[in-house]
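The structure appears below as structure tokens.
Throughout, protein chains are lettered first and strands after them, A, B, ... in sequence-line order, and every chain is numbered starting at 1.
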Protein chains: 4
Amino acid sequence: MTEEFHSSKPIYLQVADRIYSSIVRGEISHGDKLPSVREMAVNMGVNPNTIQRTYAEIEREGIVETKRGQGTFVKDDPGIVSSLQNRMKKEQIEAFVGNMRELGLTADEMVEGVQRYFMEKGGHAE
Amino acid sequence: MTEEFHSSKPIYLQVADRIYSSIVRGEISHGDKLPSVREMAVNMGVNPNTIQRTYAEIEREGIVETKRGQGTFVKDDPGIVSSLQNRMKKEQIEAFVGNMRELGLTADEMVEGVQRYFMEKGGHAE
Amino acid sequence: MTEEFHSSKPIYLQVADRIYSSIVRGEISHGDKLPSVREMAVNMGVNPNTIQRTYAEIEREGIVETKRGQGTFVKDDPGIVSSLQNRMKKEQIEAFVGNMRELGLTADEMVEGVQRYFMEKGGHAE
Amino acid sequence: MTEEFHSSKPIYLQVADRIYSSIVRGEISHGDKLPSVREMAVNMGVNPNTIQRTYAEIEREGIVETKRGQGTFVKDDPGIVSSLQNRMKKEQIEAFVGNMRELGLTADEMVEGVQRYFMEKGGHAE
DNA sequence: GTGGTCTAGACCACA
DNA sequence: GTGGTCTAGACCACG
């Protein structure tokens, strides 16, 4: 099940993003074990070193902890999910607002822009 | 007036963003001449090679054209501004929605998130 | 009574440190029997293999001896405690002085640093 | 000028320690450029990837910043040296006190231990 | 089995 | 030239 990576963002960060998404979506829960480095490497079709780097990164960010000889686990803290979601949500909004502001847009125009996006897509509420 | 560039985005693209902002905000109009590569390089405190690359990039995107021996000019097309703004706006919104969707958020939650951002900031209109 | 181990130091050495502490503090005396590997493993909440390794290590260091079929005992030598304490103390001081010297600090500054540490902690004598 | 690394601590962290020492001792000042990754790798007799990791680590710790295409520089902040020294000094003292306390030693005994160390070494004030 | 480190050598974008 | 990423393959300590 090899995957592909397109963005210019480093693969090890793209993998981190996927893991974050899985956690936020509830596909992985607090306390769960992540696949081993080697296993994940095979799944993703990348080198184990790349996954190693991913795991080191998300551990540094405090989302995950490694238990020696046992593996890498999502921190067993029930608040980790909402905390992570809020953090990522905030980051996205701030980036979005900052960029739109540079285009000379007002708050109302930003909100309206997002609303219109969904209207034009019709009932595409996935 | 040396500036500083911190983002991980390449400097030459950050410079392009600034130029786009200036155009969209009306500080530069269609048909206007951009500063020479060397002049801009001094203003920005970066290497002329970097500005060269910026100009090549925004020319490639069709925003600007080079007249030999005269310099680089914003295309003398009255619609260029709104066209540029619309394109960038659309890009921002699509990226934003895509990212937020990955966090498992609904359309309503996205809109609400942006609105709340401005409420919490209060009269912080910069 | 499961415990937790955070330090980057190997768990089997952390367990050894605890045993050394117990001996030096007099909680265990020369000639005393240590808990069995399995018992200790349960107490510490770690794998028996890990304790096995701990016992091998402290035996190798001459603090403990294994009597076949009977268990692991602290050597029945009255001088073992002060000897162990002196050795560990010396190791700590040498490491400390070496590290501080690398920071360009003088002997006086080292002594003063330790003294000040306790002053600032005030009556925080645990 | 190949060097050797003995400690069980990873090489990339030992290199970091050396750089920190150089900064604290004033051999490198704020704003100075560090040797390039490749150059340092040759000096230290290790693989460039290892140095890369060192540089990434000390950048993450805020001691150093990289200017794209130019190199890695000690942050141009006059307070960086004393700040770094204080941080490392504090770390050393806390570790030392913690370890000595585990040996059942009192504050006075710790101070005395360090003082005696220097006395026995005689006028060995390097 | 697990994660962590290291080497070798390659390729890339950036300035 | 610089730092950053990635692969391939190896070795290690730990549990």
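Take A:D17 and apply the side chain to side chain donor-acceptor pair (under 3.5 Å) test, not counting sequence neighbours, and it matches A:K9. Evaluation of the side chain to side chain donor-acceptor pair (under 3.5 Å) rule for D:Y20 yields D:E61 as partners, not counting sequence neighbours. Here B:E65 pairs with nothing under the salt bridge (Lys or Arg N to Asp or Glu O under 4.0 Å) rule; sequence neighbours left out. Legend: residues meeting side chain to side chain donor-acceptor pair (under 3.5 Å) with B:Q92, ordered by chain and number and at least two apart, are A:N99. Partners of D:R60 by side chain to side chain contact (heavy atoms under 4.5 Å, CB included), not counting sequence neighbours, listed by chain and number: A:R60, D:A56, D:E57.
E:dG3 atom C1' lies 10 Å from atom NZ of A:K33, rounded to whole Å. Rounded to an integer number of Å, the gap from CG of D:N47 to C1' of F:dT5 is 14 Å. Between A:I51 atom CD1 and F:dC6 atom P there is a gap of 10 Å when expressed in whole angstrom units. The CE atom of D:M40 sits 13 Å away from the P atom of F:dT2 (whole-angstrom rounding). Regarding D:E57, its CD atom lies at a distance of 13 Å from the P atom of F:dG4, rounded to whole Å.
The residue among D:E59 and A:P48 whose nearest nucleotide of DNA chain F lies closer to the 5′ end is D:E59. Both A:L34 and D:Q14 sit near DNA chain E, but only A:L34 has its closest nucleotide nearer the 5' end.
Between the side chain of D:Q52 and the base of F:dG4 there is at least one donor-acceptor pair of N/O atoms closer than 3.5 Å.
D:T72 comes within contact range of the sugar-phosphate backbone alone, with a heavy-atom separation under 4.0 Å but no base atom that close. Within 4.0 Å of D:V46, counting heavy atoms only, lie sugar-phosphate atoms of the nucleic acid but no base atom.
Among the nucleotides E:dA8, E:dC6, E:dT2, the one closest to any side-chain atom of D:T50 is E:dC6.
Annotation: side chain to side chain donor-acceptor pair (under 3.5 Å) contacts involving residues 69-86 of chain D, sequence neighbours excluded, are absent. The salt bridge (charged side-chain N to carboxylate O under 4.0 Å, His left out) contacts involving residues 38-55 of chain B comprise nothing, where partners must be two or more places apart or lie in separate chains.
For F:dG3, the OP1/OP2 oxygens have no side-chain nitrogen or oxygen of D:T66 closer than 4.0 Å.
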(message) Expected output check: what is the dot-bracket annotation of DNA chain F, where ( ) and [ ] are pairs inside the strand (brackets for crossing ones), | is paired with another strand, and pairs are Watson-Crick or G-U under 3.5 Å?
(response) ||||||||||||||.
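Put simply, the side chain of B:S21 gets close to the backbone of A:E102: a donor and an acceptor are under 3.5 Å apart.
Summarising the local packing, NZ of B:K90 is surrounded by 12 or fewer heavy atoms from other residues, nucleotides or ligands at distances under 6.0 Å.
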Sort me out a list of protein N/O and nucleotides 10-14 of chain E N/O pairs below 3.5 Å, or just none if empty.
residue	atom	partner	partner atom	Å
E:dC14	OP2	B:R53	NH2	3.0

